[in-house]
Amino acid sequence: VVVRHDRSAVSRGGGADALIQLGLGATLLGLIVVGVPAVSAGELDGVLLGALLVLALAAGEAVGPLPAATRALATAGNAARRLGEVLDTDVPAPDPERPIPARGGALAFQRVTARYPGGVEPAVAQVDLTVAPGHTVAVVGRSGAGKSTVGGLAVRFLDPDGGEVRLGVLPATSITGDDLRRWVTLTPQDGQVLQGTVAANLRLAAPEATEAELWQALAAAQLDRWVAGLPDGLRTPLGDQGSRLSGGQRHRLALARTLLVGAPVVVLDEPTADLDAVTGRAFLRDILRAVRGRGLVLLTHDLRPLPVVDEVVVLEAGRVVARGSHRDLLATDRAYQRRWELDRVPVA
């Protein structure tokens, strides 16, 4: 369908361009066929004929961009319509009218059920989860199990329909989103890299960070040596959407940006999703070292980190079907054991 749509759009654009060129060619040919005999017969000044030909060419140049302009107008109109739809959509997690300042503490899900706006079935249902500073939890499950929804609830991109998310003694709904995200920070699976320098991308998380703080975050993410070897160090441009970065470097830059926030609880969504076994193993080891002392939630389908986290929570269709330490689940849950035997790759 997409190929057919693109082919149709190209055909329409090419047809419009060809029609304009055909009209220009016909106009010039008509002027020559009519004008040359008239000049020979003395009925038309040769200079005037030349001026008419130049005028026709100028008119063609003026009209030529119209098909492209029409296509650009249609594209801009569609983009404006989509933006309007986004702006008119109700915010799924509006800030409270009288917010209470966050005071920190453990992040806790208490029988949380949530569905996305317009959704019928809940994305997660009756989820219990507690993450205190220094505690590491892996929330595992296949695509669509509800892992990313857990991440969105943790940072108030979405509010629950039932149950409660709490930060310490406070319900998350009593705290503004910006305030909550100073205590709980999320690194999404597709961490964006903007066209700009290394420093500019890092300061998206902490605009006031000093260069020393940037280097400290890069060192924690094991990216400082690579940045130091760049032509302009922190001031080196990363290209359009980070085109100069490998997959591993992109993940480490996102981790460094997350560490700059200094939040006591860190949520990482699929941190090794597109990394090979060796790179992923090294990155997981560095994650655990970098966030030591903080609460960590790993949202992942990757089983490599499971032996070294404090708790594993298994989701299926938005519900918790198993939980416990990796060792306990291997001993008591046959489904978990089979999956581990199929997918395991050592972390260390």
Side-chain angles (χ1 to χ4, degrees), residues 91-93 102 105-168 170-173 175 177 180-191 254-255 258 261 263-273 284 287-288 291 294-306 309-326 329 333 336 339:
V91 178
L107 174 70
F109 285 51
Q110 300 175 346
R111 310 297 290 172
V112 169
T113 296
R115 57 178 52 82
Y116 289 100
V120 178
E121 296 296 325
V124 295
Q126 302 293 307
V127 172
D128 288 307
L129 179 70
T130 301
V131 188
H135 187 67
T136 57
V137 178
V139 179
V140 302
R142 305 191 186 280
S143 296
K147 302 185 301 296
S148 294
T149 303
V150 169
L153 288 162
V155 293
R156 283 209 71 208
F157 289 162
L158 181 71
D159 280 339
D161 296 295
E164 195 170 59
V165 179
R166 302 181 72 87
L167 181 65
L170 295 177
T173 51
I175 308 168
L180 177 68
R181 289 186 284 274
R182 292 191 301 108
W183 298 88
V184 183
T185 187
L186 168 69
T187 299
Q189 179 178 344
D190 55 346
L255 176 62
T258 297
V261 177
V265 178
V266 175
V267 183
L268 300 179
D269 192 358
E270 299 288 5
T272 61
L284 284 169
I287 287 174
L288 295 170
V291 302
R294 307 189 195 196
L296 173 65
V297 183
L298 287 175
L299 309 173
T300 181
H301 68 274
D302 186 348
L303 303 189
R304 287 174 289 188
L306 303 190
V309 301
D310 298 317
E311 183 181 12
V312 179
V313 177
V314 183
L315 287 181
E316 285 186 12
R319 294 181 179 272
V320 177
V321 296
R323 70 186 319 144
S325 70
H326 172 68
L329 288 175
D333 192 301
Y336 182 87
R339 188 176 172 194

Legend entry - Side chain proximity check, V267 to L299, heavy atoms < 4.5 angstrom: yes
Legend entry - R294 (side chain) donor-acceptor with G134 (main chain) under 3.5 angstrom: no
Inset, instruction - Apply side chain to side chain contact (heavy atoms under 4.5 Å, CB included) to the pair F109 and V131, showing each step before the final yes or no. - result: CA-CA 9 Å; F109 285 51; V131 188; over 6 Å; no
Inset, instruction - Apply side chain to side chain contact (heavy atoms under 4.5 Å, CB included) to V155 and T185, showing your working. - result: CA-CA 7 Å; V155 293; T185 187; 5.9 Å; no
Legend entry - Spacing of R166 atom CZ and T173 atom OG1 [to the nearest 0.5 Å]: 9.0 Å
Legend entry - Reported CD1-to-CH2 distance for the pair I175 and W183, which is rounded to 0.5 angstrom: 9.5 Å
Inset, instruction - Say whether T113 and D161, considering side chains only, have a donor N or O and an acceptor N or O under 3.5 Å apart. - result: no
Legend entry - Salt bridge R323-E311, side-chain N to carboxylate O under 4.0 Å: yes
Inset, instruction - Would you name the heavy atoms of A114 and P160 that are closest together and state the gap between them? - result: CB-CA, 4.0 Å
Inset, instruction - Check whether any side-chain heavy atom of E164 lies under 4.5 Å from a side-chain heavy atom of P171, and answer yes or no. - result: yes
Inset, instruction - Check whether any side-chain heavy atom of R115 lies under 4.5 Å from a side-chain heavy atom of P122, and answer yes or no. - result: yes
Legend entry - Heavy-atom side-chain contact between L268 and I287 under 4.5 Å: yes
Inset, instruction - Of all the heavy-atom pairs spanning D333 and A322, show the shortest one and how long it is. - result: OD2-CB, 3.4 Å
Inset, instruction - Starting at CZ of F157, measure out to OG1 of T149 and round the result to the nearest 0.5 Å. - result: 12.5 Å
Inset, instruction - Measure the spacing between NE2 of H301 and CZ of R142 and express it to the nearest 0.5 Å. - result: 9.5 Å
Legend entry - Separation between CG of L329 and CZ of R339, rounded to the nearest 0.5 Å: 12.0 Å
Legend entry - Smallest separation among heavy atoms of L306 and H326, with atom names: O-CB, 3.3 Å
Legend entry - Cationic N near anionic O, under 4.0 Å, K147 to E270: yes
Legend entry - Set of residues satisfying side chain to side chain donor-acceptor pair (under 3.5 Å) with respect to D269, sequence neighbours excluded: S148
Inset, instruction - State whether the number of non-hydrogen atoms from other residues, nucleotides or ligands found under 6.0 Å of R319 atom CZ is greater than 12. - result: no
Inset, instruction - Please indicate whether E316 has more than 12 foreign heavy atoms, meaning atoms of other residues, nucleotides or ligands, lying under 6.0 Å from its CD. - result: no
Legend entry - Polar side-chain atom of T136 near backbone of D310 as donor-acceptor pair, under 3.5 Å: yes
Legend entry - Closest approach of T130 to H135 (non-hydrogen atoms, all atoms of both residues): O-CD2, 3.7 Å
Legend entry - L296 vs V137, side chain to side chain contact (heavy atoms under 4.5 Å, CB included): CA-CA, chis, key distance, verdict: CA-CA 6 Å; L296 173 65; V137 178; over 6 Å; no
Inset, instruction - Please name the pair of heavy atoms, one in A93 and one in D159, separated by the smallest distance, quoted to 0.1 Å. - result: CA-OD2, 3.4 Å
Legend entry - Which atom of L158 lies closest to which atom of P117, heavy atoms considered: CD1-CD, 4.4 Å
Inset, instruction - Using side-chain contact (heavy atoms from CB on, under 4.5 Å) as the criterion, point out the one residue from V150, V165, L153, V320 that pairs with L129. - result: V150
Inset, instruction - Spell out, as yes or no, whether a donor-acceptor pair under 3.5 Å connects the side chain of T258 to the backbone of A254. - result: yes
Legend entry - side chain to side chain contact (heavy atoms under 4.5 Å, CB included) assessment of L315 paired with V139: CA-CA 7 Å; L315 287 181; V139 179; 3.6 Å; yes
